[in-house]
There are 2 protein chains.
Amino acid sequence: MTVTKGVFNSDHQRDYLKHILHLQQVSSPVATTALAEAMGVAPSSVTDMLKKLSRKGYINYRPYHGITLTGEGEKEAIKAVRRHRIVERFLTDMLGFEWHEAHEEALAFEHNISDEVERRMYVACNKPTVCPHGYPIPSSVEDTIVSGVPLYSLEPGQIARVVSVEDDEPDLLRFMDSLGIKPGVRIKVDGKDPFKGPMQAEIDSKKRTIGWHLANQVYVDKVS
Amino acid sequence: MTVTKGVFNSDHQRDYLKHILHLQQVSSPVATTALAEAMGVAPSSVTDMLKKLSRKGYINYRPYHGITLTGEGEKEAIKAVRRHRIVERFLTDMLGFEWHEAHEEALAFEHNISDEVERRMYVACNKPTVCPHGYPIPSSVEDTIVSGVPLYSLEPGQIARVVSVEDDEPDLLRFMDSLGIKPGVRIKVDGKDPFKGPMQAEIDSKKRTIGWHLANQVYVDKVS
DNA sequence: TACTGTATTTAGAAACATCTAAATATAATT
DNA sequence: AATTATATTTAGATGTTTCTAAATACAGTA
């Protein structure tokens, strides 16, 4: 007789759902390989897990044809995302971590806190609406939709304000930090090379050169 | 190739060491059955784990003759105890949990936080010296020694102050709470029955009856 | 000293996530 | 349409903790 924590036998299953939700917003259905890369495991491991998640009713799984979340799976995934972002806020707001550290620290223990601890962290941080990287703290599916456009889509002369920054690559986040790119910051595009070349921009009245990859991980709202 | 977190493959191993340290302070060497009961698993499961811990050098294990911690094992156990008590403090001080809730909530996620999160919790709580139940937050072995005497050892007429309260039975803790027994509280013994009967005491100028079991889980310093 | 009861360990099994290597299905190209 | 390349799944294995049931060791009593 093994003790089962809540609905899930394992915390990893929630992680899978979280990543499926994320990948699903880019392209659906989600491919095994894409999920394997996101989870940092071998594709065969993903296949095994997909069978389990499917059996439990969290995903629609057609072998060789990818997967989508069921209503139940989506609900669980959103709960996982919400929790992750609340824990990130707690780490930055209450323990003084930098925003680029928060993501990884949160991953380490977010699965193991109770709903009550999550609720209290949320309240103690004054019910924040976004995580340190600018993503909404969701209650439902609609809340998970990323607003804004990629920084790279702007043309020279345009001015924008940073809404959110992709949070899953700590090194990149640290680099963004050194460039002064954070939610809320104003960016003016000076120049842009065609064919995925770097772009030039003014951040906090300093001239910066920003690579294609990085500029596509920053979401902005156009100001003019 | 499995990813190993730090020194341990599993968080459970640290839990074993923590409980061995605790039991060792009552009687050494520690028996398999005692450890099994403390961990809430079958004795055979303990035997398996003892082999692993022994192979790794954390315990001295002589089959059929019990176990003791090695220097390395003691170091790890103390780290685990320290972390547990810091997390408890964090839960009561920063998230407003009751002291009888803190123990279980801490158990849920204490294994998964990084050393840095632990350090910051410690600092954010103003470097506390004791946990919510009155036990010291240890840096070395000496710090783990429980001071005071069991409440039950007092004689009628004596007055004492509560130092610490056994923390591993939430129901009992809740009951202590309802009696007003907490670290720092003053207790005056009014009467005491022989042969493990209940004792009468005055807590916060209210007359109380306290059972033998409970009175032995409360440690006090004699005032007069 | 032999017996008996308890403590402890072994044997055999389950459930979990993961891996590598091999087999198969699908998609793309010639 | 046949071939090739890629994506995906299956097969077989490892390592983790845990269990029950059976075997063994120890200790206390007759």
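Reminder, nothing fancy here: chain letters follow the sequence lines and each chain counts from 1. The structure displayed is predicted, hence computed values, not measured ones.
Atom pair B:Leu35:CG and D:dT18:P shows a separation of 10 Å (rounding to whole Å applied). Per the geometry, CE belonging to B:Met49 stands 16 Å off P belonging to D:dG15, to the nearest Å. Between B:Glu37 atom CD and C:dT6 atom P there is a gap of 16 Å when expressed in whole angstrom units. Rounded to a whole Å, the CE atom of A:Met39 is 15 Å from the C1' atom of C:dC19. The CG atom of B:Asp15 sits 17 Å away from the P atom of D:dT16 (whole-angstrom rounding). The CG atom of A:Leu17 sits 12 Å away from the P atom of C:dA17 (whole-angstrom rounding). Rounded to whole Å, the distance from NZ on A:Lys51 to C1' on D:dT9 is 7 Å.
By the neighbour-count criterion of 12 heavy atoms within 6.0 Å, atom CD of A:Glu116 is densely surrounded, having more than that number from other residues, nucleotides or ligands. At most 12 heavy atoms of other shown residues, nucleotides or ligands fall within 6.0 angstrom of atom CD in A:Glu104.
The side chain of A:Ala42 sits closest to C:dC19 out of C:dT9, C:dA25, C:dC19. Of the listed nucleotides (C:dT26, D:dC19, D:dT24), C:dT26 has the atom at the smallest distance from the side chain of A:His65. Comparing atom distances between the A:Ala31 side chain and each of D:dT8, C:dT8, C:dC19 picks out D:dT8 as nearest.
As judged by a 4.0 angstrom heavy-atom cut-off over every strand, A:Ser44 is placed among the base-contacting residues. Backbone-only engagement by A:Thr32 is indicated by non-hydrogen atom pairs under 4.0 Å involving sugar-phosphate atoms exclusively.
A sub-4.0 Å separation between OP1 or OP2 of D:dT18 and a side-chain N or O of B:Tyr16 is present. For C:dT18, the OP1/OP2 oxygens have a side-chain nitrogen or oxygen of A:His12 closer than 4.0 Å. Between A:Gln13 and the phosphate of C:dC16, there is no side-chain N or O to OP1/OP2 separation shorter than 4.0 Å. For the OP1/OP2 pair of C:dA17 and a distance below 4.0 Å, the side-chain nitrogens and oxygens of A:Lys52 include at least one atom meeting the criterion. Contact between the side-chain N/O atoms of B:Tyr61 and the OP1/OP2 oxygens of C:dT8 is not found at any separation under 4.0 Å. Between D:dC19 and B:Ser45, a contact under 4.0 Å exists linking OP1 or OP2 to a side-chain N or O.
Remark: A:Arg82 qualifies as a cation-pi partner of A:Tyr122 under the 6.0 Å distance and 45° angle criteria applied to the six-membered ring.
You'll find the ring centres of A:His103 and A:His84 inside the 6.0 Å limit.
A:Phe90 and B:Phe90 have tilted rings, their planes meeting at an angle from 30° to 60° on a 0 to 90° scale.
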